[in-house]
Protein chains: 2
Amino acid sequence: MIGAIMNAPARVIPLRPPDTPALFNPQARVCADCGVRRFALFGALDLQGLDQIHVDIVETRLRPGQPLYEAGQPGVAAFTVRAGLVRLERTNAQGERRVLRLAGRSDLVGMESMLGQTYAADAIACTEVQACRLPHGLIESLTRREPALALDLMKRWQRALDDADEWLVELGSGSARQRMLRLLLKLSEYGEEGATLWLPSREQIGSMLGMTLETASRLVSALKREGVIETVDKRHVRVAMPRLLAALGSSAG
Amino acid sequence: MIGAIMNAPARVIPLRPPDTPALFNPQARVCADCGVRRFALFGALDLQGLDQIHVDIVETRLRPGQPLYEAGQPGVAAFTVRAGLVRLERTNAQGERRVLRLAGRSDLVGMESMLGQTYAADAIACTEVQACRLPHGLIESLTRREPALALDLMKRWQRALDDADEWLVELGSGSARQRMLRLLLKLSEYGEEGATLWLPSREQIGSMLGMTLETASRLVSALKREGVIETVDKRHVRVAMPRLLAALGSSAG
DNA sequence: CGAAAACTTGATTAGCATCAAACCAGGTGG
DNA sequence: CCACCTGGTTTGATGCTAATCAAGTTTTCG
């Protein structure tokens with residue numbers, strides 16, 4: 001594959017390409033070395049393609065609470081999340097905020113920008129976030145040159161749709177306790193290392209599960225007492241997966 | 001446009017093209033005369049294109065309760081809903097069924113089939129349904145010939161995603177009464193004629209709003225007493241929109 | 001007509017929202 | 001350094017909402 005950079009016949013890409021001296025632009029190098037490239041939007045692109053697109057890609061860093069974009073703004077770019085967690089949320093007719101779903105490593109958010117639409121939701125950093133900004137013009141021109149990318153994009157949309165449905169089905173009904181347990185299960189999918197996962201503020205848990213922050217607090221406290229979760233620091237807990245699964249199973253067999 | 005069939009320069013299509021004697025295949029005629037074509041997937045195609053694709057398109061009719069497809073089945077075709085209402089629903093880990101959203105006239109469902117995936121949900125007819133079956137192979141080959149179709153498809157996905165988010169935000173929180181009122185508002189978007197709309201069974205309302213069928217029944221009864229809705233027949237009601245909006249406004253200003 | 005399914009209505013209870021108060025950690029300024 | 005403040009969190013007391021259990025009624029359909 002590395003040899004192929006110069007005479008480019010290939011589509012197959014190794015999981016993490018070794019050094020690639022043929023790339024001229026520094027950002028192209030960053031892209032080539034990116035740990036999520038294989039899973040991200042440009043996984044279908046070869047390195048030569050990368051060398052041509054680098055120019056417009058900007059890496060963005062956000063602190064917890066900072067918005068990546070906001071609902072209603074003209075959509076100028078999509079974003080690949082490289083690290084951290086982003087939450088998508090909307091305000092309903094009654095003015096209550098509601099978290100729609102989360103996006104983590106290798107997820108693509110703000111795809112509506114590629115259709116000339118305004119952003120459909122607020123995207124806000126939950127943790128420290130690293131993201132790559134992909135201007136919509138770039139993607140349009142790339143799709144023309146590389147039709148496989150269009151298929152890749154469609155798969156992205158379908159994944160987002162699956163995620164949305166999953167949140168509705170798993171977190172949308174059942175008792176408060178069940179929803180809390182299922183949320184922990186979901187958060188553990190994004191878990192960085194081991195059984196340690198990021199725990200949202202009580203208010204955010206409420207906004208994800210459709211309950212008050214007091215109820216969320218009581219549930220978290222109860223699960224700590226029961227040894228299902230264990231405090232690591234203010235925003236992180238370690239989860240005893242067997243107990244979590246047992247708790248889920250016992251509440252509705 | 002009719003003249004253009006023979007020398008085809010056009011992309012502009014009248015809302016409902018008059019007789020088109022130049023088309024040979026009967027199904028192509030059906031497509032050309034289709035009332036939703038302008039809004040449906042092949043709106044971007046000219047009539048000549050239609051004449052070439054007709055062969056694989058089959059019109060399907062369903063009675064209330066019949067499935068269009070089922071979750072987990074290999075996705076062999078997407079469907080454009082021409083008339084009636086289809087509900088998408090899934091069973092969660094605890095075995096409860098949950099309605100994800102509805103699809104009505106001109107909506108496209110089962111798009112995941114075009115990505116070689118199995119269907120992600122059950123699609124079940126709520127009312128009498130007419131749908132056009134679009135085999136995934138057809139769409140693939142068409143996309144190659146007509147790149148604009150890919151963009152059209154992406155817009156479809158985004159619309160589905162918007163719908164999903166909307167359901168979560170609007171029907172996912174608030175009191176049972178508020179959710180019921182918002183559901184009526186949503187159902188009225190699909191309303192056929194005037195203020196008359198299809199009313200789901202109490203069990204289905206429960207499955208859409210995350211409540212028991214008894215609560216749904218009580219709410220429907222109460223709204224009838226209050227004159228917000230009025231029985232037309234077992235499955236249809238007329239809605240007094242001003243009262244509905246007033247009820248929505250008063251319960252949460 | 002009779003049985004099954006869908007719907008309605010009532011009584012009771014459990015679960016969660018609401019209101020209220022106290023607690024804690026972190027940061028600021030005197 | 002300590003007093004103070006602020007925002008997030010915990011915990012308690014109380015009441016309302018909707019689930020549950022239980023009949024009874026209407027509709028549908030063989």
Side-chain angles (χ1 to χ4, degrees), chain A residues 63-65 87 94-99 124 126-127 171-183 198-226 229-237 247 250-252, chain B residues 63-66 87 94-99 124 126-128 171-183 198-226 228-237 247 250-253:
Chain A
R63 328 231 72 227
R87 66 177 186 272
Q94 275 68 38
E96 313 148 19
R97 293 188 75 69
R98 176 91 202 209
V99 174
I124 304 173
C126 293
T127 63
L171 307 181
S173 51
S175 69
R177 174 169 230 263
Q178 281 177 324
R179 282 178 282 147
M180 182 75 220
L181 290 167
R182 290 186 210 141
L183 176 62
W198 170 79
L199 193 71
S201 77
R202 305 301 171 263
E203 188 173 19
Q204 281 164 35
I205 293 177
S207 165
M208 292 176 190
L209 300 180
M211 61 180 67
T212 60
L213 65 91
E214 290 96 331
T215 300
S217 174
R218 277 181 243 269
L219 289 169
V220 170
S221 299
L223 292 175
K224 280 178 182 167
R225 270 196 303 277
E226 296 168 29
I229 54 179
E230 184 189 4
T231 304
V232 172
D233 64 42
K234 194 110 183 97
R235 278 280 93 88
H236 294 266
V237 292
S250 65
S251 50
Chain B
R63 328 231 71 228
Q66 279 191 318
R87 67 176 185 271
Q94 275 68 36
E96 312 149 19
R97 293 188 75 69
R98 176 91 201 208
V99 174
I124 304 174
C126 293
T127 63
E128 300 255 331
L171 307 180
S173 51
S175 70
R177 176 169 228 265
Q178 281 177 324
R179 281 177 282 146
M180 182 75 220
L181 291 167
R182 290 186 211 140
L183 176 63
W198 171 79
L199 193 71
S201 78
R202 306 300 172 265
E203 189 173 18
Q204 281 164 36
I205 292 176
S207 166
M208 292 175 190
L209 301 180
M211 61 181 66
T212 61
L213 65 91
E214 290 97 328
T215 300
S217 174
R218 277 181 243 271
L219 290 169
V220 170
S221 299
L223 292 175
K224 280 178 182 167
R225 270 196 304 278
E226 297 168 30
V228 175
I229 55 179
E230 185 189 4
T231 304
V232 172
D233 64 40
K234 191 100 184 115
R235 279 281 93 89
H236 294 267
V237 293
S250 65
S251 50

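Every chain is numbered from 1 and lettered A, B, ... according to where its sequence line falls, protein lines coming before strand lines.
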Using heavy-atom distances to pick each residue's nearest nucleotide on DNA chain C, tell me which of B:S221 and A:A176 is more 5'. B:S221
Taking only residues two or more places apart in sequence, or in another chain, which ones meet [X] in a salt bridge (charged side-chain N to carboxylate O under 4.0 Å, His left out)?
X: B:R235; value: none
X: A:E230; value: A:R238
X: B:E203; value: none

[X] [atom1] to [N] [atom2]: how many Å, rounded?
X: A:R179; N: C:dG15; atom1: CZ; atom2: C1'; result: 11 Å
X: A:L209; N: C:dC16; atom1: CG; atom2: P; result: 11 Å
X: B:I229; N: C:dC7; atom1: CD1; atom2: P; result: 13 Å
X: A:M180; N: C:dC16; atom1: CE; atom2: C1'; result: 16 Å
X: B:R235; N: C:dA5; atom1: CZ; atom2: P; result: 16 Å

Checking [X] now: which residues fulfil side chain to side chain contact (heavy atoms under 4.5 Å, CB included) with it, not counting sequence neighbours?
X: B:R87; answer: B:E89, B:V99, B:L102, B:I124, B:C126, B:Q204
X: B:E226; answer: B:R177, B:A222, B:L223, B:V228
X: B:S221; answer: B:S217, B:R225

Can you list the residues that meet the side-chain hydrogen bond (donor to acceptor under 3.5 Å, both in side chains) rule with [X], with sequence neighbours excluded?
X: B:Q66; result: none
X: A:S201; result: none
X: B:K224; result: B:T231

At under 4.0 Å between heavy atoms, which parts of nucleotides 18-28 of chain C does protein reach? Answer with one letter per nucleotide, 5' to 3': B base, S sugar-phosphate only, - none. BB---------
Are B:S217 and C:dT8 close enough that a side-chain N or O sits under 4.0 Å from OP1 or OP2? yes
Start and end of the DNA chain D segment that chain A contacts, any atom under 4.0 Å from a heavy atom: D:dT9 to D:dA13
To 10°, what angle do the rotation axes through the five end pairs on each side of the helix from C:dC1-D:dG30 to C:dG30-D:dC1 form? 30°
Within a strict 4.5 Å, meaning less than it, do heavy atoms of the A:L199 and A:V220 side chains meet? yes
Inter-residue atom distance B:M180.CE - B:T215.OG1, 0.5 Å rounding: 11.5 Å
